[in-house]
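Step one of this worksheet: look at the structure below.
The structure presented is a predicted model; accordingly, all values stated were derived computationally and were not measured. Residues: numbered from 1 along the sequence shown.
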Amino acid sequence: MSPTPVDLTPAENVRVLGKVLAPLVAQGAIVRRPRMTAWAERHQTDRTARAVLADLRARHGGAPLVVRLGTRRLVVVVEPDDVRRLLEGSPEPFTPATKEKRAALAHFQPEGVLISSTAERWHRRPFNEKVLQTDQPVHDDGAAVVDAVQRGAADLSRELGASGRFDAETFTDAWWGTVLEVVLGSRARGDRELVALLNTLRGDANWSWLHPARPDVREELEGRIASYLLNPEPGCLAAVAHQCGPATAVGQVPHWLFAFDAAGAATLRALAIVAARPAVRERLLAEAEPAGQGPALLPYARACVLESLRLWPTTFAVLRDSTGPTDWGERTLPAHTGFAVVSSFFHRDPDRLEHADAFLPEAWLDGRNNADWGLVPFSGGPAACPGRNLVLLVASHMLTRLAGHDLRVARGRYLARDPLPATVDHLGLRFRVAGSR
């Protein structure tokens, strides 16, 4: 039987709110706030959060922790078996469309599958899986995807040739060009106005229900997306979506773009590790050599991206709401109770992981990490991210191509050895070619 959830004392409640949840909200759950991510790195907020939850887990014997947020009850789980129960039980009796996510994501993707009702998910989830080809390691349009990655990497190579360096902002611009081409076709590659509209609404989403909706901005965003879906170019997701149902696609594309943005952060951090560790770079290049330029599966490169996501999760917390009364241990929790899986706690838990603070992509290759329900870089269960394989295809090929440059990272001394820092501000990363100043 699962341990019975325990109500935290007022002092414990304040600790979780102040040391665990508040720093996550402050950084921006939907789009990162640069000043706050820099602050989080300086204060290593994930290390503090992990210590708080580890202490409460020990104090309460692994029982889920009931946190009070005004009238809202949020149950923070601290054991992998409880994570498994939540994820395997999605979307019923634990829906991903939580109160908090609906309020935030409705700003830019009110019809997105992540915040859809159970009834709406019955047709939106299969649509996503069909377009993104969830079960295929390499998408049928993998060759076009890799070509788009190659063009993005070439943009960064030109910057390196001109200045000998690039920063996170330069990388992000090239990354967006790649993502727009993968999702909407080459005509969209330079459409930074679409990105600006999306980021405006994502910034509003950071404030959830505290920020008024901007239907005019959302209508403009959806109009730009729809224009690419009308007569899409072959080889992009828009073309597949056009065949599967363009009316449904308009509501799903914003989330695909949102997910790829998080993948860019993971790729940046993985690249920082590559720049700081020659042995990792050499293995990436050795794997890429026989693969040529095609849409090859790059297992080690994928594992490097997954390890980046384990060490520094881009999804701060996996959230669920109960759709009805829930028996948990000797307690019945009311319907609409919130549940949270704090990713950084589970991903760096030394009680379960010998390599908690080490960079060990091999643990994804030999199955150790894949078998652990506490490791949720793409969530898990029936509501797991349907774009996992496509995201990893783009990220692994971008990482491998950039590894072809002998790069150095400004904070290499912190990333060249284990244990690795608990919090790394990807927006502050800067790279240069070896030998340049």
Side-chain angles (χ1 to χ4, degrees), residues 15-33 36-58 62 64-65 67 74-80 82-84 86-87 100-101 206 262-263 265-270 272-273 304-320 338-361 363-364 368-369 372-380 385 414-415 418-429:
R15 284 182 73 199
V16 173
L17 292 178
K19 300 295 185 181
V20 179
L21 300 181
L24 304 184
V25 173
Q27 291 175 70
I30 309 301
V31 63
R32 300 295 183 259
R33 300 180 175 108
M36 295 311 299
T37 57
W39 170 85
E41 182 184 80
R42 286 196 302 273
H43 294 274
Q44 290 294 295
T45 56
D46 291 307
R47 181 176 59 202
T48 302
R50 182 175 70 182
V52 168
L53 293 179
D55 175 64
L56 292 173
R57 177 178 61 186
L65 311 171
V67 182
L74 183 68
V75 180
V76 178
V77 298
V78 291
E79 294 290 351
D82 292 335
V83 177
R84 180 174 186 171
L86 291 173
L87 299 187
E100 291 79 13
K101 277 193 282 191
N206 272 348
T267 306
L268 256 179
R269 293 189 180 108
I273 291 287
C304 287
V305 176
L306 284 166
E307 189 67 343
S308 171
L309 286 165
R310 180 188 71 82
L311 289 162
W312 303 291
T314 54
T315 300
F316 291 146
V318 177
L319 302 177
R320 295 290 186 267
F339 294 84
V341 179
V342 179
S343 306
S344 59
F345 169 68
F346 281 99
H347 286 200
R348 293 283 197 104
D349 183 4
D351 289 346
R352 295 178 11 261
L353 304 169
E354 292 182 0
H355 56 286
D357 294 313
F359 183 76
L360 192 68
W364 294 100
R368 277 176 287 171
N369 286 352
D372 190 326
W373 275 95
L375 302 183
V376 287
F378 288 92
S379 189
C385 174
Y414 301 112
L415 300 174
D418 301 328
L420 285 160
T423 308
V424 169
D425 171 24
H426 68 284
L427 297 175
L429 290 172

Taking every non-hydrogen atom, the tightest pair across Cys304 and Pro361 | N-CB, 3.9 Å
Which pair of heavy atoms, one from Pro80 and one from Gly374, lies closest together, and at what distance?
-> CB-N, 4.1 Å
Without swapping roles, check the side chain of Glu307 against the backbone of Phe359 for a donor-acceptor pair under 3.5 Å.
-> no
Side chain of Trp39, backbone of Gln27: donor and acceptor closer than 3.5 Å?
-> no
Do Arg47 and Arg348 touch side chain to side chain, with heavy atoms closer than 4.5 Å?
-> no
Interatomic spacing from CG in Leu87 to CG in Asp82 - rounded to 0.5 Å = 11.0 Å
State whether the side chain of Arg310 and the backbone N or O of His347 hold a donor-acceptor pair below 3.5 Å, judged by distance alone.
-> yes
Asn206 CG to Arg33 CZ distance, which is reported to the nearest 0.5 Å | 4.0 Å
Compare every heavy atom of Pro377 with every heavy atom of Leu306, then report the nearest pair and how far apart it is.
-> CD2-CG, 4.1 Å
Are the side chain of Thr267 and the backbone of Ala263 linked by a donor-acceptor contact shorter than 3.5 Å?
-> yes
Candidate pair Glu79 and Arg84, rule side-chain contact (heavy atoms from CB on, under 4.5 Å), full reasoning | CA-CA 9 Å; Glu79 294 290 351; Arg84 180 174 186 171; over 6 Å; no
Is any side-chain heavy atom of Pro421 closer than 4.5 Å to a side-chain heavy atom of Leu415?
-> yes
Say whether, by atom type as modelled, one donor and one acceptor occur between the side chain of Ser379 and the main chain of Cys385 under 3.5 angstrom.
-> no
Interatomic distance, Glu41 atom CD to His426 atom NE2 [nearest 0.5 angstrom] | 11.0 Å
Thr48, Val342, Asp349 screened by side chain to side chain contact (heavy atoms under 4.5 Å, CB included) with Leu53, the one that passes = Val342
Which atom of Leu319 lies closest to which atom of Glu100, heavy atoms considered = CD1-CB, 4.5 Å
Straight-line distance of Leu360 CG to Leu420 CG, nearest 0.5 Å | 11.0 Å
Determine whether Leu311 and Ile273 make a side-chain contact, defined as any pair of heavy atoms from C-beta on separated by less than 4.5 Å.
-> no
Look only at the side chain of Arg352 and the backbone of Phe346, and say whether a donor-acceptor pair between them is shorter than 3.5 Å.
-> yes
dist Phe316:CZ -> Ile30:CD1 (nearest 0.5 Å) comes out at 10.0 Å
Please confirm whether the backbone N or O of Ser344 pairs with a side-chain atom of Arg50, one donor and one acceptor, at under 3.5 Å?
-> no
If you round to the nearest 0.5 Å, how far is CG of Leu309 from CG of Leu375?
-> 11.0 Å
Do Val78 and Leu56 pass the side-chain contact (heavy atoms from CB on, under 4.5 Å) test, and can you show the C-alpha distance, the side-chain angles, and the key distance before you say yes or no?
-> CA-CA 9 Å; Val78 291; Leu56 292 173; over 6 Å; no
Is it true that the NZ or CZ of Arg269 lies under 6.0 Å from the centre of Tyr414's six-membered ring and within 45 degrees of the ring axis?
-> no
Pair Asn369, His355: side-chain N/O donor-acceptor within cut-off below 3.5 Å = yes
CA sep, side-chain torsions, deciding dist, call: Leu21, Leu74, side-chain contact (heavy atoms from CB on, under 4.5 Å) = CA-CA 11 Å; Leu21 300 181; Leu74 183 68; 4.0 Å; yes
List the atom of Pro23, the atom of Gly18, and the distance in Å for their closest heavy-atom pair.
-> CD-O, 3.4 Å
Looking only at heavy atoms, which two atoms of Pro64 and Val75 are closest? And how far apart?
-> CB-CG1, 3.4 Å
Is a side-chain N or O of Asp425 found less than 3.5 angstrom from the main chain of Ala40, in a donor-acceptor match?
-> no
Would you please test Val20 and Val76 for side-chain contact (heavy atoms from CB on, under 4.5 Å) and show each step?
-> CA-CA 11 Å; Val20 179; Val76 178; over 6 Å; no
